[in-house]
Participant: 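Below is a structure I'd like to ask you about.
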Amino acid sequence: MLSEQEIVRREALQKIRALGIDPYPAAKFEVTAYAADIKQHYSETVAADGTKQRLNYQDIAIAGRLMASREAGKAAFGEIQDSTGRIQIYIRRDEICPDADKSLYKELFLKLLDIGDFIGVKGYAFRTKMGEITVHVTEFKLLSKSLRPLPIVKKDAQGNVFDAFTDPELRYRQRYVDLTVNPAVREVFVKRTKLVQAMRQFFVEKGWLEVETPILQPIHGGAAARPFKTHHNSLDTALYMRIANELYLKRLIVGGFDGVFEFGKMFRNEGMDRTHNPEFTAMEIYVAYKDYIWMMEMVETCLERVAIAVNGTSDAMVGDRKISFKAPYIRLSMTDAILKYTGINIDALDEAGLRAVCKQLHIETDASMGKGKLIDAIFGEKVESHLIQPTYITDYPVEMSPLAKKHRTKAGFVERFELFVNGKEIANAYSELNDPIDQRERFEEQMRLAGRGDDEAMPLDEDFLRALEYGMPPTSGLGIGIDRLTMFLTNNVSIQEVLFFPQMKPEKGS
RNA sequence: GACCUUGUAGCUCAGCUGGUAGAGCAUUUGACUUUUAAUCAAAGGGUCUCGGGUUCGAAUCCCGACAAGGUCACCA
C-alpha cells in the first residue's frame with residue numbers, strides 16, 4: 001500500500017520518462033566542486049562603486065541530493081547536499097528556458113523534482129543579497145529519482161531544530177535515512193574510521209604486520225564467552241564464529257613474526273544492551289620479546305595519538321566529564337586499588353578471609369566462587385566505577401586469566417592489566433603465557449570448570465598447545481574494544497550509535 | 001531474563017472522565033524574479049502496531065502478542 005506521497009513520486013517518474021528524460025541515467029556526471037569547499041573558499045571583491053567581481057568557482061559542477069526548495073515565481077532557491085554538506089542553489093526560469101517553452105523549469109524543475117532526488121548542477125558561485133554563498137544554476141540534470149519522502153529536518157535562525165528524525169528504531173533500521181538527514185551521525189562514523197586508521201598507522205609505523213585469521217573456528221578459544229555455533233556442510237563438522245582471535249595470533253608469533261595485529265569482528269552469543277552488540281570489533285596485537293609493562297607505555301602513547309587524530313585534542317568529553325587521554329596513565333595493582341577504595345588490604349587473605357570481606361561490604365557471594373572470583377567481585381562492586389580517568393589496573397588473580405603468564409613476583413597473580421576509562425574496561429593485556437606445561441594445566445582447570453557447568457570456560461586447544469611446545473618467545477598481547485573506544489571518543493553512551501547497522505530484531509512484514 | 005515507559009498521517013507530536021481523528025512541517029493546486037523553518041490562499045492524506053475482550057459505542061479501559069527505549073540482572 002503506497003502512501004499518497006509515494007504515488008505522487010511514481011507518477012512524476014512516469015511523466016519524466018514521458019518527457020524523454022531518463023530518471024536513472026547511466027553516464028557519469030563529472031563533479032568539479034563540493035559544497036563545503038565552495039562555502040569555505042568562495043571569494044569576491046567589491047569595487048568603490050559597489051560592483052562585485054567574483055573570483056572563483058565560476059564554472060563548476062556539483063552533485064547531490066536536493067534537500068530543500070523555495071519557489072518564488074519565475075525563480076527558485078534550493079539546497080543540494082553532497083558528501084561535504086549543503087549549499088544553496090538559485091535557478092531562474094528565463095535562463096533555463098530562454099525560449100517560449102518554459103516546461104523544463106515549470107514542469108521538470110518545479111513539479112517533477114522532489115526532495116531527495118539526486119541532481120547534477122552546472123553553474124557559478126555567487127553571494128546573494130542575504131549573504132548566502134549560492135550556486136547559480138545554468139544547467140541541471142536529474143541523476144536519480146527518489147520514490148520515498150525523506151523526513152525533513154529544519155532548523156531556524158536561532159538553531160532550533162524542527163521535526164528532528166529521532167526515533168531510534170527508524171534511525172537504526174534505516175541508517176541510510178539517518179545519515180542523509182542527520183549530519184552529526186555521519187560525523188560519528190567518520191570519527192570511527194579516523195580512529196581505526198590512526199591506530200593502524202601507529203602499528204604499521206612500528207613495523208608490525210596486519211594479518212587476518214579465521215572467523216570460522218573448530219574450537220572457540222581466547223576468551224570466556226558463549227559462541228555462535230554453525231555447521232559446515234561438506235566437512236560435516238561443527239564450526240564456531242570466533243569469540244577472539246588471540247590463539248591464532250599467538251600461533252603467528254610462534255611462526256616467527258615479531259608483531260602481528262588484527263582488526264576484526266568478534267561474535268558473542270550473549271545478551272544485548274546499550275554496550276553489547278552480538279558482533280563487535282576488537283583490535284588484538286601481539287609483540288614478541290615484550291612484557292605487559294612495556295605494553296602499558298605502548299597503549300598510552302597510541303591512545304593519546306588516536307584521540308588527537310579523532311578530535312584534534314587528547315581531551316574527550318564523556319557525558320559532562322572531561323577525560324584526558326594524554327599519556328601517561330595511572331597504574332594501580334588490583335589489590336592496591338581495592339585498598340584505596342575500601343581501605344581493606346586483601347593481600348594476605350585466604351578464601352575464607354575474602355568471603356568475610358565480601359560479607360562486610362554487602363557483596364553477594366556463592367559457594368562456587370574461588371579466591372579469584374571473590375577478588376574480582378570486590379573490585380567490580382567497589383572500585384570499577386571510580387576509575388574515571390584512564391587507569392591501568394594490573395596483576396589479576398590467576399584463576400581468571402588462563403592465558404596470562406604467572407606474575408614474576410606475586411604468587412597467585414598473573415601479569416595482566418586492564419585499562420579503565422569512565423568506569424568501563426576498554427583494553428585488556430597480558431604478558432602472554434608461553435610455558436606449554438603451565439598452559440595445559442590452565443586449560444585442564446578450565447575443563448574442570450566446564451564440567452561443573454560453566455558454559456563460558458575455555459575448551460582445550462591441542463593444536464595451540466602443540467604450537468607453544470615448539471616454543472613461543474616471551475610476548476605481550478593486547479585487545480582493545482574498538483566500539484567502546486569509539487563511544488568514548490564520540491561521547492555516545494549507546495553502542496548502536498557507533499555501529500552503522502546494530503543488530504535488531506527482524507522487522508515486521510519482512 | 002525481570003520490571004518500567006512508548007507505539008496515532010511521510011516526519012515530529014496533541015488527542016481530557018470512552019462519544020464523528022487533530023496540528024506543524026511534508027504532499028497537491030494556485031500566486032510570487034534574491035529566498036533560507038520563505039510567505040500567502042485552498043485541498044487531499046489515517047488498518048490510531050497487531051489480535052482478542054468489556055461497552056450501545058474503544059486511539060482512549062482490560063488481556064495477550066510484536067517492536068523499540070530505559071533500569072536492573074547476566075556478560076567482558
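First the proteins, then the strands, lettered A, B, ... as listed; each starts at 1.
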Participant: Measuring only the C1' atom in each nucleotide, how far is B/A59 from B/C16? A whole number of Å is fine.
Facilitator: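 13 Å, rounded to whole Å.
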Participant: Quantified in whole Å, what is the C1' atom distance between nucleotide B/G45 and nucleotide B/U28?
Facilitator: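 Pairwise C1' distance, B/G45 against B/U28, rounds to 10 Å.
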Participant: Looking at RNA chain B, which of residues 372-403 of chain A put a heavy atom within less than 4.0 Å of it?
Facilitator: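 By residue number: A/Glu384.
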Participant: Rounding to an integer number of angstrom, what distance separates B/U60 and B/U8 when you compare their C1' atoms?
Facilitator: 11 Å
Participant: Strictly below 4.0 Å: does A/Gln496 bring a side-chain N or O up to OP1 or OP2 of B/G69?
Facilitator: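 Yes, because at least one side-chain N or O of A/Gln496 sits under 4.0 Å from OP1 or OP2 of B/G69.
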Participant: Across nucleotides 30-40 of chain B, 5' to 3', mark each nucleotide with B, S or - according to how protein heavy atoms within less than 4.0 Å reach it.
Facilitator: S-BBBBBBB--
Participant: Taking the inter-plane angle between the rings of A/Tyr90 and A/His136 on a 0 to 90° scale, is it parallel (under 30°), tilted (30 to 60°) or perpendicular (over 60°)?
Facilitator: perpendicular
Participant: Under a 3.5 Å cutoff on both atom distances, Watson-Crick or G-U, what's the dot-bracket for RNA chain B ([ ] crossing, | other strand)?
Facilitator: (((((((..((((.....[..)))).(((((.......))))).....(((((..]....))))))))))))....
Participant: Aromatic rings A/Phe228 and A/Phe267: how do their planes relate, parallel, tilted or perpendicular, breaks at 30° and 60°?
Facilitator: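 Aromatic pair A/Phe228/A/Phe267 classed perpendicular.
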Participant: Can you list the steps and then say if A/Tyr286 with A/Glu262 is a side-chain contact (heavy atoms from CB on, under 4.5 Å)?
Facilitator: CA-CA 9 Å; A/Tyr286 293 82; A/Glu262 178 175 17; over 6 Å; no
Participant: Can you list the steps and then say if A/Arg65 with A/Ile80 is a side-chain contact (heavy atoms from CB on, under 4.5 Å)?
Facilitator: CA-CA 5 Å; A/Arg65 275 191 204 271; A/Ile80 282 192; over 6 Å; no
Participant: In whole Å, what separates the C1' atom of B/C40 from that of B/A65?
Facilitator: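 These two C1' atoms come out 49 Å apart once rounded.
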Participant: Has the side chain of A/Asp167 got a donor or acceptor atom sitting under 3.5 Å from an opposite partner on the base of B/G7?
Facilitator: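 Such a pair does not exist between side chain and base.
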Participant: If we take the P atom in both B/U29 and B/G44, what is their distance in whole Å?
Facilitator: 15 Å
Participant: When the P atoms of B/U17 and B/G1 are compared, how many Å lie between them, rounded to an integer?
Facilitator: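 The same atom, P, in both gives a distance of 35 Å.
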Participant: Between A/Lys371 and A/Glu399, is there a salt bridge with N-O shorter than 4.0 Å?
Facilitator: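 No salt bridge links A/Glu399 with A/Lys371.
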Participant: Output yes when A/Lys250 and A/Glu432 qualify as a salt bridge under the 4.0 Å nitrogen-oxygen rule, no when they do not.
Facilitator: yes
Participant: Atom OH of A/Tyr24 and atom OG of A/Ser144: how far apart are they, to the nearest 0.5 Å?
Facilitator: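 Answer rounded to 0.5 Å: 5.5 Å.
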Participant: Between the base of B/A67 and the side chain of A/Glu169, is there a donor and acceptor pair under 3.5 angstrom?
Facilitator: no
Participant: Which label fits A/Phe261 and A/Phe263: parallel for a plane angle under 30°, tilted from 30 to 60°, or perpendicular past 60°?
Facilitator: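 Plane angle over 60°, so perpendicular.
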Participant: Given the P atoms of B/U33 and B/G24, what is the spacing between them in whole Å?
Facilitator: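 Between the two P atoms, the distance is 27 Å.
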Participant: Flag yes if more than 12 heavy atoms outside A/Asp59 fall under 6.0 Å of its CG atom; otherwise flag no.
Facilitator: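 Atom CG in A/Asp59 is not crowded, with 12 or fewer foreign heavy atoms closer than 6.0 Å.
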Participant: Distance to the ring centre below 6.0 angstrom and angle to the axis at most 45 degrees; does that hold for A/Arg175 and A/Phe500?
Facilitator: no
Participant: Sticking with atom P, work out how far B/G15 lies from B/A9, rounded to a whole angstrom.
Facilitator: 15 Å
Participant: So if I take every side-chain heavy atom of A/Asp163 and compare against B/U12, B/A26, B/C74, which nucleotide ends up nearest?
Facilitator: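 Given the options B/U12, B/A26, B/C74, the side chain of A/Asp163 is closest to B/U12.
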Participant: How about NZ on A/Lys106, more than 12 heavy atoms from neighbouring residues, nucleotides or ligands closer than 6.0 Å, or not?
Facilitator: no
